[in-house]
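Quick caveat: nothing in here was measured; it's all calculated off a predicted structure.
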Amino acid sequence: MRIALERIADDSKTYKPKRCPVGLFSGKAGMALFYAYLYRWSGDQDHFEQFSLLLDECLAGMGNATMGSSFVGGIAGVSWLVRHLIDIELLEESSLDSLEVVEKYILKSLARDKETKRFEIFRGLTGKGLCFLEGPMTAAGQEGIEQILTILQSGAIPTDGGIAWTTKSWRGDELYFDLGIPHGVTGIILFLCRVSRTNIQRDLVLELIDGAVRWLLAQEKHMGIGYFPHIVGREFAGRLAWCYGDMCVATALLAAAEVLSLPPLKEKAIGILDKEVGRNIDSARVFKHPRYNIHDRGLCHGTAGIALCFNSFYKKTGIESLRGARDYWTDITLSIKKTGIGKGIGGYIFPSTSDKNIWQKNPYVLDGALGVGLSYLTLLNEDQLPWERMFLLC
């Protein structure tokens, strides 16, 4: 694992993509996060210098008017990075001063999110809430969380014995109920569970979590592989992944069970995981190269993300079968096979986000090599866990 990690770090440093955005999940901010944690683990000054270089480029890029305000690829994600680096003591708390204008911009963007019904983590207001929750709480951060809770309360739709929020199609005006972490209700539940650790409108937070969990449980439908659809009323995929399916539902239920002090809810989550433990690379529906015998290893919907989730579940429950599943998926992630189309980054190539039949080098965190590297850092050293907050796993 150490050798694989160093290969990823060395290849990512020399790989120059044609276009490298600033964002946290698929850009320089995420790359800076990886080298920050690599430096914390290794103490290697070269890793610190690469982290510093990327961070400077991120901060310079925050002035780009086309960047947007989202958590996944916009200013909120870069702001989260700065706050996170303060929290893990790689930046001084005085660095918050540089975010004052940024936080005002993010606050103003919440009204637009309300108008366009964008409640989700990746491109909506709850992702911006994660930014405000990271590191030291500021006056603007508290104001932002309060605004977000008010918008969630007014935007919640009573349905199926609980409440839920619609997701708006990125390319149109279609509204639908999404169960995923990045764009759907499970992500909102996990955000609310994070807010519950503060003293901000606690009664409202618990009420929203309870209603959303009741709706989520009502969506259970056994359809061969898996029990929870990705999107209500759509084709049932049953894929094993961080982003969608039974695993992300269990993540939300475990968090909610702790906040609501409901042991039966925890048992429900464990029951879901019991069914997931037995799935292997052949039944998990992980994206597979159409010609070469390799699978997607990324965090979002690949083997590294599955291993990371099982590691999180094991730490929260102590159930040995979950540790065994973690090790199984870690071993698959570590395996590298000749592809005939290049060595990739650290030996890894990944499916394109636009065409799953096209596989390519990808240095980013969400679905690329540095996300795999961050997962290795977690498994090598549990002190590396805080970065998982961007994926709502801790």
Side-chain angles (χ1 to χ4, degrees), residues 120-122 160 164 167 169 174 176-190 212-213 215-256 265 267-290 293-314 317 319 321-322 324-326 328-330 332-333 350-353 355-357 359 366-367 371 391-393:
E120 61 171 271
I121 293 292
F122 267 17
D160 289 343
T167 296
S169 172
E174 180 188 7
Y176 50 85
F177 290 110
D178 186 302
L179 276 74
I181 291 176
H183 306 293
V185 174
T186 52
I188 296 174
I189 290 172
L190 289 165
V213 166
W215 176 85
L216 183 60
L217 292 172
Q219 308 315 308
E220 183 174 5
K221 295 178 178 66
H222 180 47
M223 300 179 69
I225 296 180
Y227 288 77
F228 290 86
H230 294 188
I231 294 173
V232 173
R234 302 276 183 89
E235 182 181 351
F236 194 85
R239 190 170 67 209
L240 191 63
W242 164 79
C243 52
Y244 282 99
D246 291 5
M247 182 174 282
C248 87
V249 170
T251 302
L253 295 182
L254 272 180
L265 194 58
E267 291 304 312
K268 176 65 177 179
I270 291 173
I272 293 171
L273 294 174
D274 283 343
K275 302 182 184 75
E276 300 290 76
V277 163
R279 297 177 68 178
N280 58 28
I281 193 62
D282 295 320
S283 64
R285 299 189 174 183
V286 176
F287 293 133
K288 185 177 181 179
H289 194 283
N293 188 29
I294 56 174
H295 292 81
D296 179 11
R297 292 171 172 83
L299 286 182
C300 186
H301 36 63
T303 62
I306 298 172
L308 197 68
C309 286
F310 275 123
N311 183 59
S312 175
F313 297 143
Y314 168 66
T317 66
I319 297 173
S321 62
L322 297 174
R326 175 201 68 188
Y328 170 81
W329 289 102
T330 299
I332 288 178
T333 306
F350 301 85
S352 166
T353 55
D355 186 344
K356 298 301 182 291
N357 290 317
W359 288 56
L366 179 63
D367 48 15
F391 282 84
L392 294 155
L393 291 177

Do [X] and [Y] have side-chain heavy atoms sitting under 4.5 Å apart?
{"X": "V286", "Y": "L240", "value": "no"}
{"X": "W215", "Y": "V232", "value": "yes"}
{"X": "T330", "Y": "F310", "value": "no"}
{"X": "I121", "Y": "P182", "value": "no"}
{"X": "I188", "Y": "E120", "value": "no"}
{"X": "E220", "Y": "K268", "value": "yes"}
{"X": "W242", "Y": "C300", "value": "yes"}
{"X": "C248", "Y": "L179", "value": "no"}

Which heavy-atom pair separates [X] from [Y] by the least distance, and what is that distance?
{"X": "A212", "Y": "I189", "value": "CB-CG1, 3.6 Å"}
{"X": "G226", "Y": "D246", "value": "CA-OD2, 3.3 Å"}
{"X": "L216", "Y": "A252", "value": "CD2-CB, 4.4 Å"}
{"X": "T251", "Y": "L392", "value": "CG2-O, 4.2 Å"}
{"X": "R297", "Y": "A304", "value": "O-CB, 3.0 Å"}
{"X": "A269", "Y": "L253", "value": "CB-CB, 3.9 Å"}

Quick one: side-chain hydrogen bond (donor to acceptor under 3.5 Å, both in side chains) partners of [X], sequence neighbours excluded?
{"X": "D160", "value": "Q219"}
{"X": "T303", "value": "T333"}
{"X": "T167", "value": "none"}
{"X": "K221", "value": "none"}

Taking the ring centre of each residue, are F350 and W359 less than 6.0 Å apart?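 No.
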
Can you sort out the partners of [X] under side chain to side chain contact (heavy atoms under 4.5 Å, CB included), two or more places apart, ordered by chain and number?
{"X": "D355", "answer": "N357, I358"}
{"X": "N280", "answer": "D282, S283, Y328"}
{"X": "K275", "answer": "Y227"}
{"X": "H230", "answer": "A237, R239, Y244"}

Mark yes or no for whether T186, through its side chain, and G180, through its backbone, hold a donor-acceptor pair below 3.5 Å. yes

Verdict with reasoning, D296 to K288, per side-chain contact (heavy atoms from CB on, under 4.5 Å): CA-CA 6 Å; D296 179 11; K288 185 177 181 179; over 6 Å; no

I272 vs V249, side-chain contact (heavy atoms from CB on, under 4.5 Å): CA-CA, chis, key distance, verdict: CA-CA 9 Å; I272 293 171; V249 170; 4.2 Å; yes

Could you go through C309 and L393, starting from their C-alpha distance and side-chain angles, then the distance that decides it, and tell me whether this counts as side-chain contact (heavy atoms from CB on, under 4.5 Å)? CA-CA 7 Å; C309 286; L393 291 177; 4.2 Å; yes

The ring-ring contact (aromatic ring centres under 6.0 Å, His included) partners of F287 (sequence neighbours excluded) come to H301

Within this structure, what is the CZ-CZ distance for the pair R279 and R285, rounded to the nearest 0.5 Å? 7.0 Å

Give, for atom CG of L254 and atom CD1 of I270, the distance between the pair rounded to the nearest 0.5 Å. 6.5 Å

Restricting to salt bridge (Lys or Arg N to Asp or Glu O under 4.0 Å), what partner residues turn up for R326, sequence neighbours left out? none

Could you pull out all residues at least two apart from E267 that satisfy salt bridge (Lys or Arg N to Asp or Glu O under 4.0 Å)? none

L299/D367 under side-chain contact (heavy atoms from CB on, under 4.5 Å): CA gap, chis, key distance, verdict: CA-CA 6 Å; L299 286 182; D367 48 15; over 6 Å; no

